[in-house]
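Have a look at the structure below before the remarks.
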Amino acid sequence: MISIEAQIRQRCALAIGKAFGAEHAPSAVVKAGDPRFGDYQCNSAMALSGTLGLPPRQVATRIIEHLDLADMCETPVIAGPGFINFKLQSGFVAQRIEAIAAESATLARAGVPESPHRQTVVVDYAGPNIAKEMHVGHLRSCIIGDAISRIMEFQAHRVIRQNHVGDFGTQFGMLIRLAREIQMQTGDFPPIEDLDAYYKQAAQRDREDENFAREAREAVVALQNGEPQAVALWRRIYDESRRHSAEIFQLLGLKLTPHDERGESFYAPRLFGVVEQIAETLRIGGDGGDTALDGIDTTSKGAELTTTPPEDRAEAAGALASPQALERLSDAQLPDVVRRPFACVSAGAMCVFLPGYVDKEKKPLPLIIQKADGAFLYATTDLAALRFRLVEDKLTPEDQKPLHESWLADRVIYTTDARQAQHFSMVFDTVRAMRWHIHSQSGGTVDLVHASFGSILGPDGKPFKTRSGESVKLKALLLEATERAAKVVAEKNPSLSPDRQKLIAAAVGIGAVKYADLKQDRTGDYEFVWERIISFEGNTGPYLQYAYARICSIFRKAGGIDLTGARAALVEPAEQNLARSLLKFPDIVEIAARDLKPHYICTYLYELCGLFSAFYEKCPVLKAGDAATVNSRLILCRVTQAVLKIGLQELLGIPVLDEM
RNA sequence: GCGCUCGUAGCUCAAUUGGAUAGAGCGUCGGACUACGAAUCCGAAGGUUGCAGGUUCGACUCCUGCCGGGCGCACCA
């Protein structure tokens, strides 16, 4: 079932094509800005009047002459400078509502179509560093990433969730070193249920004890070289840490599974090869020098790179293949302006230089992919991960299940905080320079997206910390949310059993935290103030859950009513408003997916609940009197219930409750 | 210094990406429970969209310059 807005857009495009030629066809159809103007509006006439040299209202008239919408809308009206306003026919609205409510299969999608062009989408989110307990810094990536993958999945895209955990970094050296010491003293593996305390102890020793610090660094090397004892200790710490993060994921209701986890350790064996390949492919410099780098103006970042013909690059790379040539380019001979991507050793580190990036002294800023001491960094891991996701044969020993087939990603979405924007920009540019984003078969390009988000701030407007200045642990935060919700549940609905109350408190409390995060445009910062987060009034999670629970309550009272063949009458304005809003749900999902902005869905659901409340106040359902009206209103309840359930639970990952 | 980002009602945020008279919630004030759940609803007050220009039928949105906040900028992630 195609969405109504899309349908009107298509018909308008058709009419514009007929009236003025296909080259003018794209039509600007959006939902009406004001209910007075109807349900949808076409803004094409004004835009077209310039290119056509006709008055906009005349253009609008011509469009309407060729427009065939008699099966859906009342006669279109031209208004203002040249808006064409559409109002859906009452009968059409009723018919669509009936069609959605008709059977469980249609109800389960509430009119949301599957995407006509299914894509394979990798969503990289959560990604905690598992040497420490998860804290608020991980919250947004978890919540937003999960919502984005749910939305895309509901559109029938093939979503591959990836939890890129930090499980192989330098901190593990300390942890291994400390574990080894405790094991030697006590004969036992250290108890690390309290991961943070253990981490702190190791960090303190690392600061204060030179020998410890040195041995910790050695432990990292041993780990990376696969030395059995180090690996065994790492494995123990890793398992314990993962138990912790799995618990948090479960509390948050994330759809991530252990199968979705490929962390730094997974890519560790690939790092050397990745650096080698990049250094080889992007090698350039020395004799070729600036001449070879000239000729391509890349004032803007990234996008320009794809225009570099591969032959050019190969030629440039081939011009200087010797290690000596690489060395010659170091430092002093770096060009002032980088005009094309290239790799070379600078100050002992293997670097990729890309157009458009400069440091404080306006000198070219590198993406370092291997440190002077030979160690790899997160840029290396990210590049290895992207190569794995885009071009690597997935039939590797570690990864035979469950995704043994080639992923052939069409999009890779990173849900990480905005401070990493430059990092990802450089990593993506490097991938493009390597042409890993070109599908080997189709020749199409992969969309690399950083779906960034702002910081969570404390009430003081500074980064959210505890009073003692430590990061707030996620487990404690979710526990507090649940406790605060429990108080309200006990007060509002004391008749529920304690077990039931506990369950509801968790869904309400954690749902409130998730909703508070999702309802805001992800690109901005927001303040975490408990009173606001856990408030049950206004645009909040509990408000929406409450609306859902009230609908469920109606159906409980109604008993086993059969709505087969029932008609939607829609006589009251409140019924009309609710029904028309329900039909807009598919378009909201569409734009939320297009922009990767879950808050569009939040805003919509909140407004829908407002309309439902108005309907609920003015239109008695079960006490309506005649059976036809009861059934008609029950259909509206049924579809509203479905939209809320899909929106909250399936798309946003916020649980709905039959009662609360 | 360079780059990114934000600045909208007292407070917290929207505004379908260039559309019509800039909308909500909280707070304030005033109303509605012998009607399906009052965790609700209805009403009122509250604005020179940081400032100044520009682009055009039309600007919170785009371009330029200021002012103010946040973040990033060579071997941490």
Side-chain angles (χ1 to χ4, degrees), chain A residues 5 28 30-34 36-37 41 43 46-47 49-50 55-56 79-83 85 127 129 166 169-171 264 301 346-351 356-363 365-373 375 377-379 381-382 416-423 425 452 454-455 457 461-462 488-489 491-493 508 519-521 523-527 529 531-532 535-540 542-543 545-547 549-550 553-554 556-558 584 587-588 590-592 594-595 599-600 602-604 606-607 610 613-614 616-618 620-624 633 637 659-660:
Chain A
E5 188 177 315
V30 293
K31 283 174 273 301
D34 190 305
R36 285 194 315 259
F37 303 134
Q41 62 184 57
N43 300 331
M46 285 92 74
S49 83
F83 297 103
N85 291 332
N129 183 322
T170 45
Q171 325 84 338
E264 291 170 343
K301 297 175 194 171
S346 172
M350 178 56 76
C351 303
Y357 301 95
V358 289
D359 66 11
K360 290 170 194 168
E361 277 94 47
K362 290 190 155 189
K363 310 255 284 201
L365 177 72
L367 179 70
I368 298 176
I369 57 175
Q370 189 173 18
K371 287 161 54 171
D373 66 4
L377 309 88
Y378 77 133
T381 315
D382 280 336
T416 68
D417 82 86
R419 285 174 300 198
Q420 299 184 44
Q422 182 174 269
H423 165 73
S425 178
S452 67
S455 309
L457 308 174
K462 289 189 285 197
V488 182
V489 173
E491 178 196 321
K492 301 278 185 189
N493 210 343
V508 170
K519 82 169 179 186
Q520 247 168 109
D521 189 327
T523 55
D525 300 343
Y526 75 91
E527 289 179 18
V529 182
E531 289 67 34
R532 273 208 294 270
S535 159
F536 299 156
E537 290 164 0
N539 190 359
T540 63
Y543 172 82
Q545 287 170 322
Y546 177 70
R550 285 210 294 197
S553 174
I554 292 174
R556 270 197 303 276
K557 285 214 160 57
K584 286 170 185 161
D587 301 304
I588 300 297
E590 172 70 32
I591 61 169
R594 181 195 66 197
D595 295 349
H599 83 275
Y600 291 161
C602 296
T603 305
Y604 167 79
Y606 174 63
E607 284 166 3
S613 288
Y616 184 89
E617 296 280 327
K618 287 187 185 124
V621 178
L622 299 176
K623 298 172 183 173
R633 291 178 177 170
C637 290
E659 55 178 358
M660 60 187 280

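Chain letters run A, B, ... following the sequence lines, proteins first and then strands; every chain starts at 1. All values reported here derive from a predicted model rather than from experimental measurement.
In this structure, A/A421 reaches neither bases nor backbone, as no heavy-atom distance under 4.0 Å exists between it and the strands shown. Within 4.0 Å (heavy atoms only), A/Q41 reaches at least one base atom of the nucleic acid. Here A/N43 lies in heavy-atom contact (under 4.0 Å) with a base. Residue contacts shown for A/D417 are absent, as no nucleic acid heavy atom lies under 4.0 Å away. Counting non-hydrogen atoms under 4.0 angstrom, A/D525 reaches the backbone sugars and phosphates but no base. Within the nucleic acid shown, A/Y543 comes within 4.0 Å of sugar-phosphate atoms alone, with no base atom in reach, counting heavy atoms only. A/E264 comes within 4.0 angstrom of sugar-phosphate atoms only, judged by non-hydrogen atoms across all strands, and of no base. A/P542 comes within contact range of no nucleotide atom at all, as no heavy-atom separation falls under 4.0 Å. At a threshold of 4.0 angstrom between heavy atoms, the contacts of A/A418 with the nucleic acid are absent. Nucleic acid contact for A/G33: base, since at least one base atom lies under 4.0 Å from a heavy atom of the residue. No engagement by A/A624 is indicated, since no non-hydrogen atom pair under 4.0 Å with the nucleic acid exists.
Shown here are the side-chain hydrogen bond (donor to acceptor under 3.5 Å, both in side chains) partners of A/E5, two or more places apart in sequence or in another chain: A/R9, A/K31. In this view, A/E607 satisfies the salt bridge (Lys or Arg N to Asp or Glu O under 4.0 Å) rule with no residue, not counting sequence neighbours. For A/Y543, there are no side-chain hydrogen bond (donor to acceptor under 3.5 Å, both in side chains) partners at least two apart in sequence or on another chain. The side-chain hydrogen bond (donor to acceptor under 3.5 Å, both in side chains) test applied to A/N85 returns no partner, not counting sequence neighbours. When the side-chain hydrogen bond (donor to acceptor under 3.5 Å, both in side chains) test is applied to A/Y606, no partner is found at least two apart in sequence or on another chain. Applying the salt bridge (Lys or Arg N to Asp or Glu O under 4.0 Å) rule to A/E617 yields no partners; only residues at least two apart in sequence or on another chain are considered. Partners of A/E491 under the side chain to side chain contact (heavy atoms under 4.5 Å, CB included) rule, at least two apart in sequence or in another chain, do not exist in this structure. Judged as a side chain to side chain contact (heavy atoms under 4.5 Å, CB included), and not counting sequence neighbours, the contacts of A/R594 are A/I591.
The base of B/A77 lies outside donor-acceptor range of the side chain of A/T381, with no N or O pair under 3.5 Å. Counting distance only, with no hydrogens placed and no angle test, the side-chain atoms of A/Q545 and the base atoms of B/A39 include no donor-acceptor pair under 3.5 Å. In terms of polar N and O atoms assigned as donor or acceptor, the side chain of A/N85 comes within less than 3.5 Å of the base of B/A20 in a complementary pairing.
Taking syn as a glycosidic angle within 90° of 0, B/U17 qualifies as syn.
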Below 3.5 Å is the cut-off: list the nitrogen or oxygen pairs between protein and nucleotides 32-37 of chain B, distance only.
{"from": "B/A35", "atom 1": "O2'", "to": "A/K623", "atom 2": "NZ", "distance (Å)": "3.1"}
{"from": "B/C36", "atom 1": "O2", "to": "A/V621", "atom 2": "N", "distance (Å)": "3.2"}
{"from": "B/C36", "atom 1": "O2", "to": "A/L622", "atom 2": "N", "distance (Å)": "2.9"}
{"from": "B/C36", "atom 1": "N3", "to": "A/V621", "atom 2": "N", "distance (Å)": "2.8"}
{"from": "B/C36", "atom 1": "N4", "to": "A/Y616", "atom 2": "O", "distance (Å)": "2.4"}
{"from": "B/C36", "atom 1": "N4", "to": "A/C619", "atom 2": "O", "distance (Å)": "3.1"}
{"from": "B/G37", "atom 1": "OP1", "to": "A/S553", "atom 2": "OG", "distance (Å)": "2.8"}
{"from": "B/G37", "atom 1": "OP2", "to": "A/K557", "atom 2": "NZ", "distance (Å)": "2.8"}
{"from": "B/G37", "atom 1": "O2'", "to": "A/Y546", "atom 2": "OH", "distance (Å)": "2.8"}
{"from": "B/G37", "atom 1": "N7", "to": "A/S553", "atom 2": "OG", "distance (Å)": "3.3"}
{"from": "B/G37", "atom 1": "O6", "to": "A/M660", "atom 2": "N", "distance (Å)": "3.3"}
{"from": "B/G37", "atom 1": "N1", "to": "A/M660", "atom 2": "O", "distance (Å)": "3.0"}
{"from": "B/G37", "atom 1": "N2", "to": "A/M660", "atom 2": "O", "distance (Å)": "3.3"}

Enumerate the protein-to-nucleotides 55-62 of chain B contacts in which both atoms are nitrogen or oxygen and the separation is below 3.5 Å.
none

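Which of B/A77, B/G19, B/G1 sits closest to the side chain of A/Q420 comes down to B/A77. Looking at the side chain of A/Y600, the nearest of the listed nucleotides B/A15, B/C73, B/A20 is B/A15.
At distances below 3.5 Å, not a single donor-acceptor pair connects side-chain atoms of A/D359 with backbone N or O atoms of A/L365. Side-chain atoms of A/D525 never come within 3.5 Å of backbone atoms of A/G454 as a donor-acceptor pair (strictly under, hydrogens ignored).
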Query raised in the report: Just by protein heavy atoms under 4.0 Å, how would nucleotides 22-31 of chain B read 5' to 3' in B, S and -?
Result: --SSS-----

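Along RNA chain B, the nucleotide closest to A/S455 and the one closest to A/D373 are compared, and the more 5′ of them pairs with A/S455. Each of A/R419 and A/V508 lies near RNA chain B, and the nucleotide nearest A/V508 is the one positioned closer to the 5' end.
Rounding to whole angstrom units, CG of residue A/D521 and P of B/C6 are separated by 9 Å. When the P atom of B/A15 is taken as reference, atom NZ of A/K519 falls 13 Å away, rounded to whole Å.
A pairwise comparison of heavy atoms in A/L377 and A/I369 identifies CD1-C, 3.9 Å as the closest pair.
Taking side-chain N and O atoms only, A/Y526 has no distance below 4.0 Å to OP1 or OP2 of B/C6. In this structure, A/H599 reaches the B/A15 phosphate: one of its side-chain N or O atoms is under 4.0 Å from OP1 or OP2. At least one side-chain nitrogen or oxygen of A/Q520 sits closer than 4.0 Å to the OP1 or OP2 atom of B/C13.
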**Report entry** Dot-bracket notation for RNA chain B, counting Watson-Crick and G-U pairs under 3.5 Å, with | for partners on another strand
**Finding:** (((((.(..((((.....[...)))).(((((.......))))).....(((((..]....)))))).)))))....

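Stacking annotation: A/F37 is stacked on the base of B/A20 (ring centroids less than 5.5 angstrom apart, interplanar angle below 30 degrees).
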